[in-house]
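Before any comments, here is the structure.
Computed from a predicted model, the values in this text were never measured in an experiment.
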Amino acid sequence: SLLRTKLDSLQASNGYSRGRYEVTHAPMDTDLVSDSKYFEILHERRADLDFLMPQFYNGYTRAGVDGFDGTGAGQMTASSIYSSLANDMFDNEPNKVVFGHCISDCSGTGSNVNANQAVQIQQEIKAFNNGEFECNGGAFFWVATHDVGGGWSDAVVSEVSLSAGCSNSQTTSSTSSSTTTTTTTTTATPAPSKAPTSPPNPEPTYEPTSTHPTEVPTIVTSAPSQAPTFPPTPQPTTSMPTSEPTSMPITSPPSAEPTA
């Protein structure tokens, strides 16, 4: 994509050497069913994505109540959407899928997940299908201001850090040319979306992304002005006299004495 190309070019020009600039999306689970246009677009551009952050709240799934692989409160299992993303959108890369939780801002849809529930969900992700997703992308949550004293994130970080770095030796999607490092994160995402009322737009909307590593600022300065130059002042010259000095005046001898 143009965004990926521009970011790679920027990185090459400014010498940033801590991995490539990251591009991610944080869509609702309802937008990620396999027959959606959004899924198709992301699949086509999967090599440009460093990871995906699906919001498993306010949509089809209720993992806090049903668990990772159950239904009842939710219309679909979280595991079915997660599996589709890891294996179909990406090329068997669960390390690119970061599971999204809502701490306390989603009571209207019954999607709130406390720290213990989140830890349980992350453990179930690792154990699913005999460890198929043991090496996964970790977790994120909404919203940081509700993580009072870091109690929620401390518990979840303790769990997801157990498998941090597990994908360092794995390669990325088949159309990508670089390796991927697992991103284990507990950062906040944009405000949770409301339950969908209409199908997603057929065309993608490109938005600037924010990822947890901050881009190194590029400082652009103008070329220094050249020091002013002045033509050298000519040395003073003294003209030579134009003629020989004038000789002393010559007077005629006095006339003869007058005669009487």
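Checked for salt-bridge contact, K96 and D50 miss the test: no charged N lies under 4.0 Å from a carboxylate O. With respect to K37 and D31, no salt bridge is recorded, no charged nitrogen being found less than 4.0 Å from a carboxylate O.
Not one N or O on the side chain of Y57 forms a donor-acceptor pair closer than 3.5 Å with the backbone of I103. In this structure a side-chain-to-backbone donor-acceptor pair under 3.5 Å is present from S13 to L10. One N or O on the side chain of S111 and one on the backbone of N58 form a donor-acceptor pair closer than 3.5 Å.
For N116, the side chain to side chain contact (heavy atoms under 4.5 Å, CB included) criterion is met by N114, not counting sequence neighbours. In terms of the side chain to side chain contact (heavy atoms under 4.5 Å, CB included) criterion, residue partners of Q75 (sequence neighbours excluded) are, by chain and number, Y60. Taking F39 as the reference, nothing meets the ring pair (Phe, Tyr, Trp, His ring centres under 6.0 Å) condition, with sequence neighbours excluded. In this structure N129 satisfies the side-chain hydrogen bond (donor to acceptor under 3.5 Å, both in side chains) test together with E132, sequence neighbours excluded. Residues that satisfy the ring pair (Phe, Tyr, Trp, His ring centres under 6.0 Å) test with F56, not counting sequence neighbours, are F99. In this view, S158 satisfies the side-chain hydrogen bond (donor to acceptor under 3.5 Å, both in side chains) rule with no residue, not counting sequence neighbours. Partners of A127 according to the side chain to side chain contact (heavy atoms under 4.5 Å, CB included) rule, which considers only residues two or more places apart in sequence or in another chain, do not exist here. D88 is linked by a side-chain hydrogen bond (donor to acceptor under 3.5 Å, both in side chains) to nothing, counting only residues two or more places apart in sequence or in another chain. Looking at residues two or more places apart in sequence or on another chain, you find a side chain to side chain contact (heavy atoms under 4.5 Å, CB included) between S79 and F68, D69, T77, F128. Residues meeting the salt bridge (Lys or Arg N to Asp or Glu O under 4.0 Å) test with E134, sequence neighbours left out: none.
Of all heavy-atom pairs spanning G64 and I121, the tightest one is N-CD1, 4.0 Å. Nearest approach of T145 to V148, heavy atoms of both residues: O-CG2, 4.5 Å. The nearest pair of heavy atoms linking A115 to A155 is CB-CB, 4.1 Å.
Two residues are said to be in side-chain contact when any heavy atoms from C-beta on lie closer than 4.5 Å; R20 and R4 meet this criterion. For the pair P54/D29, no side-chain contact is recorded, criterion being any heavy-atom separation below 4.5 Å from C-beta on. Looking at heavy atoms from C-beta onward, E22 lies out of side-chain contact with L7 at the 4.5 angstrom threshold. For the pair V23/R45, no side-chain contact is recorded, criterion being any heavy-atom separation below 4.5 Å from C-beta on. At a threshold of 4.5 Å between non-hydrogen side-chain atoms, the residues V97 and Y82 count as touching. Side-chain contact between V156 and F141 is absent, with no heavy-atom pair separated by less than 4.5 Å.
Once rounded to the nearest 0.5 Å, the distance linking CE of M89 with NE2 of H43 reads 8.5 Å. Atom OG in S163 sits 10.0 Å away from atom CD1 in I125 (nearest 0.5 Å). Here the CD1-CE distance, from I81 to M76, works out to 4.5 Å after rounding to the nearest 0.5 Å. Between C106 atom SG and R62 atom CZ the span is 9.0 Å, to the nearest 0.5 Å.
Applying the salt bridge (Lys or Arg N to Asp or Glu O under 4.0 Å) test to pairs two or more places apart or on separate chains, those with a residue in residues 110-127 are K126-E159. Applying the salt bridge (Lys or Arg N to Asp or Glu O under 4.0 Å) rule to pairs touching residues 143-157 yields nothing, sequence neighbours excluded.
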>> side chain to side chain contact (heavy atoms under 4.5 Å, CB included), that's the test. Do L85 and L52 meet it? Break it down for me.
In response: CA-CA 9 Å; L85 298 177; L52 190 66; 4.0 Å; yes
>> Under the criterion side chain to side chain contact (heavy atoms under 4.5 Å, CB included), I'd like the reasoning laid out for S84 against S34: C-alpha separation, chi angles, the key distance, then a yes or no.
In response: CA-CA 7 Å; S84 176; S34 59; 3.8 Å; yes
> Given the rule in the side chain to side chain contact (heavy atoms under 4.5 Å, CB included) test, do L49 and F90 qualify, once you have shown the distances and angles that lead to the verdict?
Replying inline: CA-CA 10 Å; L49 295 174; F90 296 114; 4.3 Å; yes
> side chain to side chain contact (heavy atoms under 4.5 Å, CB included) between Q122 and N136: does it pass, once the steps are laid out?
Replying inline: CA-CA 9 Å; Q122 295 301 137; N136 60 76; 4.1 Å; yes
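Transitive grouping of hydrophobic side chains (ILVMFWY, heavy atoms separated by less than 4.5 Å) brings L3 and Y21 into a common cluster. A continuous path of Ile, Leu, Val, Met, Phe, Trp and Tyr side chains, each step under 4.5 Å between heavy atoms, connects V143 with V98, placing both in one hydrophobic cluster.
For an aromatic pair to be called close, the ring centres must be under 6.0 Å apart, and H101 with W152 satisfies this.
Remark: the S104 side chain and the N112 side chain contain no N/O donor-acceptor pair separated by less than 3.5 Å. Side chains of D66 and T71: no donor on one and acceptor on the other come within 3.5 Å.
Here the rule is side chain to side chain contact (heavy atoms under 4.5 Å, CB included) with Y38, and of T30, L32, V33 only L32 fits it.
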